[in-house]
Amino acid sequence: MSAIVARASRRAARALASRARPSRALDGWARDGWARAATATATATATATGPTTRVERGRASATSASDDAAVGLKARVAAALERANARLRAIKRAHGDRVVGEVTVNMVAGGMRGITAMLYETSLLDAEEGIRFRGRAIPELREKLPKARGGEEPLPEGIMWLMLTGEIPSEAQVRTLSAELAARAEVPKVVFDALDALPKNAHPMTQLSVALMAMQPESKFAKAYQDGAHKTTFWEHAFEDSMDIIARLPAVCAAIYRRTFKDGTLVAADASLDWAANFAHMMGHDSEAVKELMRLYMTIHVDHEGGNVSAHATHLVGSALSDPYLSLVAGLNGLAGPLHGLANQEVLKWLNETREKVGDNATKEELTEFVWATLKSGRVVPGYGHGVLRKTDPRYTCQREFALKHLPDDPMFKLVGKLFEVVPGVLTETGKVKNPWPNVDAHSGVLLQYYGITEANFYTVLFGASRAIGVLSQLTLSRGSGYPIERPKSVTSQWIEEKFGKVEA
Ligand code: NMX
Ligand code: MLT
């Protein structure tokens with residue numbers, strides 16, 4: 001196995017060497033970052049070829065990772081998996097027969113809400129406090145994860161590293177990862193051909209799905225499986241596919257953006273930039289402010305434990321050993337639903353509708369009336385409510401903090417703030433909404449539109465690019481821990497009556 005890691009590191013080093021001369025002038029961060037990344041990758045190669053067993057490599061990694069990027073991500077994942085698997089075996093031995101919870105008929109008939117039924121390591125959602133990534137809440141991560149030089153928001157590469165390894169990466173490790181992603185970023189031509197075959201008005205999420213499917217024939221996981229790979233190596237192939245997909249997403253998504261909403265000309269990648277900044281750049285949005293927003297946006301949307309539709313769908317499909325391309329597309333197609341990720345586009349449309357109807361200086365009474373009108377027309381209030389959360393989403397709160405700092409006078413931001421004062425009251429008054437507070441989608445569009453990304457139909461693609469990092473990280477870990485095919489039991493309504501008694505309709 002160490003040979004595989006070593007091969008991967010050598011490949012990355014070669015790719016880095018060939019790409020380490022971006023045509024545009026590099027700023028200090030980038031020049032520094034590239035030089036250090038190339039050195040780090042070379043060192044990773046040496047480290048990975050050294051120890052012969054997984055355990056030895058894990059130990060060697062543990063000593064050097066603290067001070068440098070000397071150990072590449074794949075070797076750190078190997079070491080983390082080894083620890084995690086030993087722990088999981090011990091947990092099963094000690095607690096395997098313990099009861100986690102009870103399942104009522106209402107839970108079975110109610111979208112499985114409240115049923116704890118899945119292992120998912122990258123993040124955990126608390127109904128009151130919100131999401132924690134490997135035990136760490138968003139404010140802590142905003143402080144501790146590495147940032148771009150001069151930037152204040154975390155780099156999404158950092159949270160990816162954290163989710164895959166459980167470790168906060170050093171700056172050097174994150175720069176190594178940025179560089180490795182840049183080295184893998186070339187998108188095959190077939191993707192653009194597939195996009196060109198679609199009508200221009202195909203929804204951007206449909207385009208994303210098709211683009212990823214066009215890349216699927218390149219799956220290293222699928223090929224390795226067909227070539228008879230041993231199951232203990234599955235995670236390595238899943239990791240390779242995941243890295244390729246994440247690396248290519250900025251170019252793919254930017255192409256979708258520019259062909260759907262701009263003149264169709266593509267902006268070349270700037271390999272000196274970090275992943276999120278390059279994403280903004282390829283979309284054609286080059287200000288430092290947009291790059292900072294993209295870093296924050298891509299960090300906070302990555303993961304929301306395992307039960308949400310996109311994570312669960314990816315996890316489920318992956319459990320059949322469908323490759324990461326097939327699995328991710330399943331998840332993204334779920335994200336494209338209006339009760340899930342598409343809610344961010346719905347929010348912006350609804351805010352525009354609100355503004356048109358009641359203007360910028362609406363009173364609370366006028367806004368209350370408008371919210372009731374939305375409900376009475378049989379629609380939901382987008383951006384409010386949640387299947388698990390019972391308080392304001394901390395992802396909403398951190399976007400509000402960003403807005404207070406960068407766009408305090410934006411009329412749309414003010415409208416979002418005013419709605420926060422009336423929507424929870426109205427939803428509570430309905431007597432049925434379990435969580436009347438805003439979720440992540442209530443805020444994201446307002447930040448994007450402020451910086452000129454006004455095309456609401458594109459917003460879920462941005463969510464999807466970020467979510468890919470989370471669900472593919474877990475997919476890699478799931479294969480590394482040998483999770484079985486997922487297959488819960490379903491029952492018929494007749495089965496329920498036969499078990500608990502016949503009822504009169
Ligand atoms: N507006 C109107 N009605 C709502 C809302 C809302 N924002 N939230 C919940 N309800 C209704 C829900 O439709 C259900 O009605 P009924 O019994 O008539 O079917 C009732 O309240 C009970 O639902 P809950 O148990 O509170 O919520 P549930 O867990 O079923 O659904 C959501 C969670 C997120 C799907 C729901 O709150 C919703 O539709 N919100 C609006 C869409 C949205 O913002 N989605 C994004 C979620 C975050 N994300 O990115 O995925
Ligand atoms: C998410 O980010 O996936 C959403 O908040 C939905 C969820 O957690 O169910």
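Both counts, for ligands and for their atoms, begin at 1 and track the order of listing.
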Which protein non-hydrogen atom lies closest to atom 9 (O) of ligand 2, naming both residue and atom, and how far is it?
N308 CB, 3.3 Å

Between F463 and Y297, does the ring centroid distance fall short of 6.0 Å?
no

Output yes when E421 and K418 qualify as a salt bridge under the 4.0 Å nitrogen-oxygen rule, no when they do not.
no

Considering only protein heavy atoms, determine whether one is less than 4.0 Å from atom 9 (C) of ligand 1.
yes

Can the ring centres of H340 and H312 be said to be less than 6.0 Å apart?
no

Can an N or O of V440 be found at a distance shorter than 3.5 Å from an N or O of ligand 1?
no

Residue, atom name and distance, where the atom is the protein heavy atom closest to atom 27 (O) of ligand 1:
H386 O, 4.3 Å

Ligand 2 versus H301: contacting region, heavy-atom distance under 4.0 Å:
neither

Quick one: look up the protein heavy atom nearest atom 1 (N) of ligand 1 and list residue, atom name and how far away it is.
V381 N, 2.9 Å

For atom 41 (C) of ligand 1, what's the nearest protein heavy atom and its distance?
Y384 O, 3.3 Å

So does L155 get a backbone contact from the side chain of W275, meaning a donor-acceptor N/O pair under 3.5 Å?
no

Please give me the minimum heavy-atom distance between L181 and A247, naming the atom from each residue.
O-CB, 3.2 Å

Considering only the protein, which heavy-atom contact is closest to atom 6 (C) of ligand 2, and what is its distance?
H386 NE2, 3.5 Å

Flag, side chain of E366 to backbone of T363, donor-acceptor distance under 3.5 Å:
yes

Out of L339, V371, D441, V380, the nearest non-hydrogen contact to atom 3 (N) of ligand 1 is supplied by V380

Under 4.0 Å from a heavy atom of A343: which atoms of ligand 1 are those, numbered in the order shown and with their elements?
43 (C), 44 (O), 45 (N), 46 (C)

In terms of heavy-atom contacts, does NZ of K502 have more than 12 from other residues, nucleotides or ligands at under 6.0 Å?
yes

Please could you name the atoms of ligand 1 that G387 approaches to less than 4.0 Å, counting only its heavy atoms?
29 (O), 33 (C)

My understanding is that only one of F402, F413, Y459 makes a ring pair (Phe, Tyr, Trp, His ring centres under 6.0 Å) with H443; could you say which?
F413

Return the orientation label for the H315 and Y483 ring planes: parallel under 30°, perpendicular over 60°, tilted otherwise.
perpendicular

Any idea which protein heavy atom is nearest atom 3 (O) of ligand 2, and the distance to it?
R467 NH1, 2.9 Å

Hey, does the side chain of D323 reach the backbone of S219 with a donor-acceptor pair shorter than 3.5 angstrom?
no

Could you tell me if any non-hydrogen atom of E305 lies under 4.0 Å from any atom of ligand 2?
no

Counting from 1 in the order shown, the ligand 1 atoms closer than 4.0 Å to a non-hydrogen atom of G383 are 43 (C), 44 (O)

Which heavy atom in L195 sits nearest to a heavy atom in R259, and how many Å separate them?
O-NH2, 2.8 Å

Within the structure, does at least one protein heavy atom fall under 4.0 Å of atom 14 (C) of ligand 1?
no

Under 4.0 Å from atom 50 (O) of ligand 1, do we find at least one protein heavy atom?
yes

What atoms of ligand 1 come closer than 4.0 angstrom to any heavy atom of F463?
50 (O)

Less than 3.5 Å between some nitrogen or oxygen of H304 and one of ligand 2, yes or no?
yes

Just heavy atoms, cut-off under 4.0 Å: does N308 contact ligand 1 by side chain, backbone, both, or neither?
neither

Passing option when K391 is tested against E128, E129, H386 for side-chain hydrogen bond (donor to acceptor under 3.5 Å, both in side chains):
E128

Correct closest heavy-atom pair for L212 and L249 would be CD2-CD2, 4.5 Å

Could you tell me if the ring centre of F221 sits under 6.0 Å from that of F234?
yes

Atom 4 (C) of ligand 1 sits nearest the protein heavy atom V433 CG2, 3.7 Å

Which option out of R113, K434, R467, K432 puts a heavy atom nearest to atom 31 (O) of ligand 1?
R113

Of the side chain and backbone of R395, name the one, both, or neither that has a heavy atom under 4.0 Å from an atom of ligand 2.
side chain

Please confirm whether R379 comes within less than 3.5 Å of ligand 1 when only nitrogen or oxygen atoms on both sides are compared.
no

